[in-house]
Structures are given as structure tokens and as C-alpha cells.
Amino acid sequence: MAAKPIKLLNVEDLTICETTAEMITKARADGVELFFDRATAIKPCPIGEQSACCKHCSMGPCRMNTKSPYDRVGVCGATIDTIVARNFGRMVAAGTAAHTDHGMAMLELFRDVINGKVKDFSIKDPLKLFEIAESLDIVTEGRELKDVALDLYRELERTYVQVEGELPMMKRVPEKTLELWRKAGIVPRGAMREIMEMMHRTAMGVDQDYENIMLQISRTALADGWGGSMVSTDISDILFGTPAPLEIEIDMGVLKKDKVNIIVHGHEPILLEAMLLSAADPEIKEMAKDAGAKGINLVGMCCSGLDVMSRHGLPHAGNFSSTEAVLVTGAIDAMTVDIQCIKQDLKRVADFYDTPFITTNYRAKIEGALHIPLDEQNPLVCTDEIILKAIARFQTRKKPIQIPRKKTTGVHGFSYEYINYMLGGSFRGGYTPLNENIINGRIRGVAGVVGCTNPRSKHDYSHVELVKELIKNDVLVLQTGCSQMALAKAGLTGPDAAALAGDGLAEVCETVGMPPVLGLGACVDNSRILIAASEMVKTGGLGESLADLPAAGCAPEWMSEKAIAIGHYFVASGIYVVFGHTLPVTGGTRFEKLLFEGLEDLGFGKWAVADDPLEMARLMIAHIDKKRSQLGIDKGRERVLTDMTDRRSLDLTA
Ligand code: NFS
Ligand code: SF4
């Protein structure tokens with residue numbers, strides 16, 4: 001019997017991204033199914049959506065939505081609170097594992113660069129290397145770079161493998177925040193240990209007290225944000241250079257009909273960095289020319305694309321929801337991937353458009369896809385071969401090509417270090433001007449808007465509407481991940497976007513020459529937000545712990561377990577976090593109450609969920625205002641709103 005045809009939704013209900021919409025329409029005409037269509041066909045399981053199911057042993061699986069007398073207790077007696085807490089904990093463990101495994105690979109690369117095993121890369125930012133070393137109390141004075149680097153490697157390795165003691169990066173946490181963690185007993189030891197313990201405690205018959213499970217959830221998540229992710233960001237900067245703002249083009253219009261288009265999609269910067277080296281090889285360039293191409297067009301997608309674009313000015317084609325759509329252009333001569341957020345179905349779509357689809361990482365093969373392993377010690381063997389495959393495909397292009405025209409230019413690459421410099425000027429680098437402008441109310445607060453896109457939520461819509469509303473209300477927005485790509489496509493990452501900001505924020509942006517939306521990079525670079533927030537606390541005037549800051553975070557269209565880990569490390573750090581469209585927690589449980597209220601009472605941040613971007617903004621702004629009033633700076637804001645002379649006297653460049 002033929003499968004029942006899927007009732008397709010209107011394209012305008014699926015995405016606000018024009019180029020993706022154009023490609024969905026084309027895919028439908030070509031008879032190619034995309035994940036948007038499957039999201040329509042596969043209704044989310046209502047029990048799973050609420051996380052009201054346990055399958056941790058074969059006495060179950062136990063579903064908790066029945067109206068039976070045994071309602072809300074599993075065969076073993078596990079309560080709904082135990083079950084949702086365990087499920088949530090395992091998501092945090094998985095997300096943390098993803099970021100820390102990636103971070104550990106970066107650290108190994110760093111080690112092999114120092115000891116000379118890897119020759120294609122070198123240390124690009126020795127200054128940052130020394131700064132990080134000093135922040136971890138490693139002696140740098142009068143010492144050779146290599147010796148300091150080796151000490152730094154050994155110190156940072158503890159982030160992953162340490163069994164007892166505190167993570168090295170705890171030295172960067174504001175004192176009051178660290179004190180809270182110590183009192184609660186949740187200072188992470190080593191990421192591997194925390195992930196292991198999280199998995200153990202959530203197995204059948206172990207930790208069955210949701211409040212106790214919560215402690216390990218926080219400890220594990222902190223091992224991500226202040227551990228695996230932070231090390232990953234710092235090492236990328238040391239090896240490949242700390243980003244500084246650069247104008248970048250984004251969206252499918254960056255593809256070129258007359259060039260060999262190669263999409264590099266994934267999360268580890270090494271693949272894209274190696275591709276850049278291969279693409280610059282004169283011999284390879286010549287081969288592309290001989291094949292009739294005007295050059296090689298390397299284009300990033302998803303997080304490694306973001307990570308690398310601001311270091312090299314590399315164009316970017318879009319976020320998670322557009323990775324199939326970009327293949328539909330027919331213009332992609334190769335798509336190569338490494339790890340994370342790679343839809344298995346890309347292979348089938350790539351096949352339809354005769355695009356070679358190549359996996360490169362031993363941890364992430366895809367059935368049927370060509371696998372060319374990337375060996376760190378000799379990465380160009382892999383990347384040369386990928387480019388040759390792409391050139392061959394260019395030469396024999398058969399499918400009709402349709403490249404959407406739209407592309408947008410924006411500024412990206414605002415590292416923590418650059419914000420320091422940008423706000424302070426070269427004479428008085430520092431976060432004082434930012435704090436001052438928050439205290440006087442020109443800037444109401446700071447928001448991190450981050451995370452995925454998801455076919456269950458209109459693509460890019462919530463990201464863009466939320467950020468518009470925040471900046472209109474004088475909230476400075478920091479961005480990473482697929483959210484940053486959404487706003488970049490919507491044209492809000494250029495200085496012109498200041499026109500959409502409230503008067504106070506606009507004035508600061510115009511004075512400094514920055515956009516009201518600052519792109520910080522990939523998802524692991526959320527650690528840059530943690531460091532920036534810590535610097536705000538240390539600079540003074542905004543309270544003593546991260547929980548005091550007039551700040552909030554949001555992942556409006558999240559989908560990955562990584563997002564849950566990120567959300568929770570922000571909450572455990574003291575930040576209010578709103579997630580869009582859904583949260584895998586059963587409504588009305590005590591665990592939900594702990595997430596939404598209890599944690600805040602204990603001095604942490606807290607979770608919330610909202611459907612509509614304006615509601616998300618409202619919640620975030622209300623929280624920011626609450627913090628302003630607790631800090632006693634709500635008056636400042638009222639004054640600024642009325643006092644024009646005060647506003648004119650704004651001088652950040654002094
Ligand atoms: Ni972050 Fe990057 Fe995007 Fe979500 Fe996936 S690409 S690591 S997980 S989907 S933001
Ligand atoms: Fe059911 Fe308990 Fe087994 Fe979970 S651990 S499946 S609740 S019996």
C-alpha cells in the first residue's frame with residue numbers, strides 16, 4: 001500500500017528566510033522531501049514532549065500520562081519528579097558531552113601543535129595564550145612560549161580528566177557566584193567525572209530525589225560552560241586567532257555559479273581552516289581554473305562557519321534549517337561535514353543533486369556517505385581530496401542551478417576581548433563604560449539570544465522578532481549559533497541596525513560605532529558571554545554575583561540537547577533563561593517548580609518557557625527591570641529617559 005501523502009504546509013508558514021523558502025518551493029517541484037515536510041508528517045509524541053516517560057529499564061518503559069491509580073509512578077515506584085529530573089539530567093549530560101568532547105579534541109590539537117606533531121597550524125595568538133595562562137596562575141614572565149603553552153595544556157587537560165578538585169576555569173568565576181556553588185557542593189571536578197556521575201545517578205534505582213538530581217544536573221552543566229566549551233573557545237582563539245569584527249556576507253546569495261562551491265558544515269574549526277589552506281594551494285587553484293571555474297568558493301554553514309568566518313572573512317550560507325535547502329540550489333559541488341547537527345538526510349538530498357557528500361570525522365560517519373578521514377597531523381590530504389572531488393563535480397554539473405540572489409552584509413566577530421577594547425578605547429580598555437551606561441539606563445540590560453532553529457517553529461521568526469523587541473527596549477543583544485545567523489540574514493548585525501534600537505541603546509551604539517546586536521560566534525562561544533558577564537560583575541556597580549546582573553538569555557527555537565546544557569549552565573551561573581516553544585518537563589511537577597522558581601530562591605538563575613517572541617521579550621525585560629530595581633538603578637533609567645542634556649554629554653571615546 002502506498003504511503004499516505006504528507007499534507008504540506010504553506011512555505012510562508014515554515015520560514016521567514018527568503019532563500020530557504022525559495023529552495024523549499026524548488027524542492028517540492030523537484031520531488032525532494034525536506035525535514036520541514038517530515039516535521040509536518042511526524043507529530044511529536046505528547047508523552048515524550050513532556051518527558052513523562054522512562055525507559056531506563058525493562059520493567060518499563062513507563063508512561064506517566066495515564067489516569068490509572070498508579071498514575072505518575074513507574075513500576076519501580078519512580079515518581080514523575082524523579083523521571084523528569086532524570087530525563088532532563090541525561091539531556092544535560094549529552095549536551096555537555098558534545099561540547100566537552102569537541103573541546104578536548106581542540107586541546108589535543110593544541111598539544112600536537114606545541115610538540116611539533118602538527119605542522120600545518122601554529123599559535124596565532126600568543127598574547128591570548130599568555131593572558132589565559134596568567135588568569136590560571138601559570139608563571140609567564142621570562143619564559144619561552146612553548147614552556148608556557150605546555151603548562152597551559154597540562155592545566156586545561158584537568159578540565160576533562162580531573163577526578164578531584166575544582167575546574168581550572170573556576171578562577172575566572174566571580175567570587176560570590178563561586179561561593180554559592182561551593183556551598184551547594186556543585187563546583188565541577190572534571191567533565192568526564194561529572195558526565196559519568198550524571199549517567200550513573202539517573203540509572204534505574206539510584207538517585208530518586210529530584211532536588212538531589214538537580215545538584216548533579218547543575219554540576220554537569222557547569223562543567224560544560226566553564227569547562228569544555230570555554231576551553232574550546234580559548235584554544236580556538238589561541239590556535240587560529242581571536243576574532244575581531246569584520247564585514248561578512250551571509251545567505252545563499254554568496255554561492256557563485258561560475259565558481260566551485262564547497263559547503264563546510266559542522267563544528268570543529270580545523271576542517272574549515274584546513275580547507276582554506278587547500279583552497280589557497282596554487283596547484284589546486286590552477287586545477288579549478290583548468291576546469292573552467294573562476295575560483296573556489298568556500299562557504300561555511302552552522303557553527304564552524306561562524307567560528308571561522310570572522311577570522312578570515314569567509315562567507316556563510318545559513319543555519320541549521322537551511323543545510324538541506326542549500327543543496328537544492330544544485331550549485332553545491334561538495335558538502336563536507338564533521339560533527340554535530342548534521343542531518344542524516346543530507347546524504348539523500350545531496351545524491352539527488354549529484355553533490356558529493358563527505359564525512360571527515362571518525363566519530364560521525366553517515367551510512368552511504370563517502371568518508372575521507374581528516375588526520376590532524378596531515379589534514380591537507382583530506383581537504384585536498386575534497387576539493388578535487390568538488391572540481392570534478394563542477395566540470396560535470398548536470399542539474400539545473402538556481403541560486404537565490406539574496407545575501408546580507410553584517411559585522412561579526414565580537415570576542416570578549418574586542419568588546420573590552422571597543423567600549424574602552426585604546427587608553428582605558430575595560431567594561432566600565434558598559435557598566436556606566438547600564439547604571440545610567442541608556443542600556444537597560446544585556447540579553448544573550450542564542451541557539452538553534454527547529455522545523456517545529458517558524459524558521460528564524462522568533463529569533464528576529466525577539467531581538468527586534470529587545471533592542472527597541474534598549475537591551476543590548478549578544479548572539480551565538482544559529483540565532484546569530486538568523487539575525488545576520490535579517491540585516492540586524494550591521495551598525496545601521498542601531499536605527500531599530502531604543503534611544504538610549506542607539507546613542508551608545510552610534511557613539512561607539514557598534515551594532516546593537518553583537519555576534520560572538522559558535523555555540524561553544526557562549527562561554528564568551530559568561531566571561532563578559534563575569535567582567536561586568538568584577539568591574540563593579542552591578543552587584544556581586546552573576547545573578548545580580550540585569551541580564552537574561554533565550555533560545556527561542558532550540559532543538560538540540562546541547563541547548564539544554566547551555567540553558568542550564570546559564571541558569572546555574574545565575575542567569576534567567578527563557579526557552580521558546582517547548583521544554584521537556586511535565587507541567588505541574590515539583591521538578592518544574594524547582595526549575596521555574598526554586599532555583600532562583602536558592603540564589604541561582606531560573607528557567608521559563610514561552611511560545612511567542614514578544615512574550616519571551618516581555619519576560620526577559622521584566623526580569624532585567626527586576627534586577628535593576630534590586631540594584632537600585634531603576635531611578636537612573638527614569639532620569640535618562642527625560643534628561644536630554646545628560647544624554648548629549650555621553651562620551652565614550654574619552
Ligand atoms: Ni548550537 Fe551549532 Fe545550530 Fe543548535 Fe546546532 S548548529 S552548536 S546546536 S542547531 S545552534
Ligand atoms: Fe519504569 Fe522505573 Fe524502569 Fe523507569 S526505571 S522504566 S520508571 S520501572
Side-chain angles (χ1 to χ4, degrees), residues 35 47 51-64 66 70-87 90-91 94-103 201-208 224 228-229 232-233 264-269 300-308 316-323 337-343 346 364 448-457 459-460 463 479-488 519-527 554-567 579-580:
F35 84 146
I47 305 161
S51 209
C53 169
C54 178
K55 47 185 175 62
H56 294 187
C57 85
S58 78
M59 294 185 280
C62 300
R63 291 182 304 167
M64 292 290 144
T66 58
Y70 301 107
D71 190 18
R72 309 214 148 186
V73 177
V75 173
C76 67
T79 63
I80 183 70
D81 291 301
T82 298
I83 288 169
V84 283
R86 288 197 301 214
N87 289 342
R90 287 198 167 194
M91 289 185 88
T96 301
H99 290 138
T100 50
D101 193 35
H102 162 190
R201 282 167 68 162
T202 51
M204 188 271 149
V206 190
D207 201 351
Q208 289 156 107
D224 178 354
S229 283
S232 173
T233 294
V264 186
H265 162 28
H267 285 78
E268 295 194 329
M301 277 196 106
C302 284
C303 280
S304 54
L306 268 188
D307 197 326
V308 174
H316 199 286
N319 55 22
F320 176 70
S321 290
S322 307
T323 51
V337 299
D338 50 39
I339 49 161
Q340 299 180 14
C341 302
I342 322 270
K343 300 181 205 102
L346 289 172
V449 181
V450 306
C452 325
T453 57
N454 182 329
R456 302 220 175 272
S457 182
H459 175 210
D460 288 350
H463 290 290
Q479 288 223 284
T480 61
C482 289
S483 184
Q484 181 177 332
M485 303 166 215
L487 271 295
L520 272 70
C523 274
V524 285
D525 297 327
N526 280 316
S527 58
C554 185
E557 301 177 24
W558 77 281
M559 64 87 196
S560 167
E561 289 164 317
K562 291 181 283 173
I564 294 284
I566 293 169
F579 263 37

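We count ligands from 1, going down the list as the structure has it; atoms in each ligand are counted the same way.
Annotation for M204 and C76: closest pair CE-CB, 3.6 Å, computed over non-hydrogen atoms. The heavy-atom pair separating E557 from S457 by the smallest distance is CG-OG, 3.6 Å. When all heavy atoms of A565 and D224 are compared, the pair lying nearest together is CB-OD2, 3.6 Å. In this structure, H463 and V450 approach most closely via the heavy-atom pair CE1-O, 3.7 Å.
Of all atoms in ligand 1, numbered sequentially from 1 with element shown, those under 4.0 Å from a heavy atom of C303 are 2 (Fe), 6 (S), 7 (S). Near C62, with a cut-off below 4.0 Å to any heavy atom, the atoms of ligand 2 are 1 (Fe), 6 (S), 7 (S), 8 (S). For ligand 1, the atoms closer than 4.0 angstrom to any heavy atom of C302 are 6 (S). Listed by number with element, the atoms of ligand 1 under 4.0 Å from a non-hydrogen atom of F320 are 9 (S). Atoms of ligand 2 found under 4.0 Å from any heavy atom of G60, numbered from 1 in the order shown, are 6 (S). Residue contact check: R86 has heavy atoms under 4.0 Å from atoms 4 (Fe), 5 (S) of ligand 2. Interface of M559 with ligand 1, defined as ligand atoms under 4.0 Å from a residue heavy atom, comprises 9 (S).
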Margin query: Let's go through S229 and S527 carefully: what are the C-alpha distance in whole Å and the side-chain angles of both, what is the deciding distance for side-chain hydrogen bond (donor to acceptor under 3.5 Å, both in side chains) to 0.1 Å, and is it a yes or a no?
Written below: CA-CA 6 Å; S229 283; S527 58; 6.0 Å; no
Next item on the list: Begin from the C-alpha positions of T233 and D525 and carry the test side-chain hydrogen bond (donor to acceptor under 3.5 Å, both in side chains) through to its verdict.
Entry: CA-CA 6 Å; T233 294; D525 297 327; 2.7 Å; yes
Next item on the list: Begin from the C-alpha positions of I83 and N87 and carry the test side chain to side chain contact (heavy atoms under 4.5 Å, CB included) through to its verdict.
Entry: CA-CA 6 Å; I83 288 169; N87 289 342; 3.8 Å; yes
Note to self: With side chain to side chain contact (heavy atoms under 4.5 Å, CB included) as the criterion, how do C302 and T323 come out once you've worked through the C-alpha distance, each side chain's angles and the decisive distance to 0.1 Å?
What the structure shows: CA-CA 8 Å; C302 284; T323 51; 4.2 Å; yes
Note to self: I'd like to know whether K562 forms a side chain to side chain contact (heavy atoms under 4.5 Å, CB included) with C341, so could you lay out the CA-CA distance, the side-chain angles of the two residues, the decisive distance to 0.1 Å, and finally the verdict.
What the structure shows: CA-CA 10 Å; K562 291 181 283 173; C341 302; 3.3 Å; yes
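Not a single heavy atom of M485 sits under 4.0 Å from any atom of ligand 1. Using 4.0 Å as the threshold, R63 has no heavy atom nearer than that to any atom of ligand 2. The closest approach between A563 and ligand 1 stays at or above 4.0 Å for every heavy atom of the residue.
From the protein, the heavy atom lying nearest to atom 5 (Fe) of ligand 1 is C341 SG, 2.3 Å. The nearest heavy-atom contact from the protein to atom 5 (S) of ligand 2 is M204 CG, 3.4 Å. The closest protein non-hydrogen atom to atom 4 (Fe) of ligand 2 is C54 SG, 2.3 Å. Scanning all protein heavy atoms for the shortest distance to atom 8 (S) of ligand 2 gives C76 N, 3.4 Å. What sits closest to atom 3 (Fe) of ligand 2 on the protein, heavy atoms only, is C57 SG, 2.2 Å. Given atom 1 (Ni) of ligand 1, the protein heavy atom at minimum distance is C523 SG, 2.2 Å.
Between the OG atom in S304 and the NE2 atom in H265 there is a gap of 8.5 Å [rounded to 0.5 Å].
Under the 4.5 Å side-chain criterion, counting only non-hydrogen atoms from C-beta, F320 is not in contact with M301.
Both the backbone and the side chain of C452 come within contact range of ligand 1, each with a heavy atom under 4.0 Å. When non-hydrogen atoms are compared, ligand 1 lies under 4.0 Å from the backbone of C482 as well as from its side chain.
For atom 5 (Fe) of ligand 1, the set of nearby N, O or S atoms under 2.8 Å includes none belonging to H267.
Each of D460, T453, N454 was scored for a side-chain hydrogen bond (donor to acceptor under 3.5 Å, both in side chains) with S321, with one residue passing: T453.
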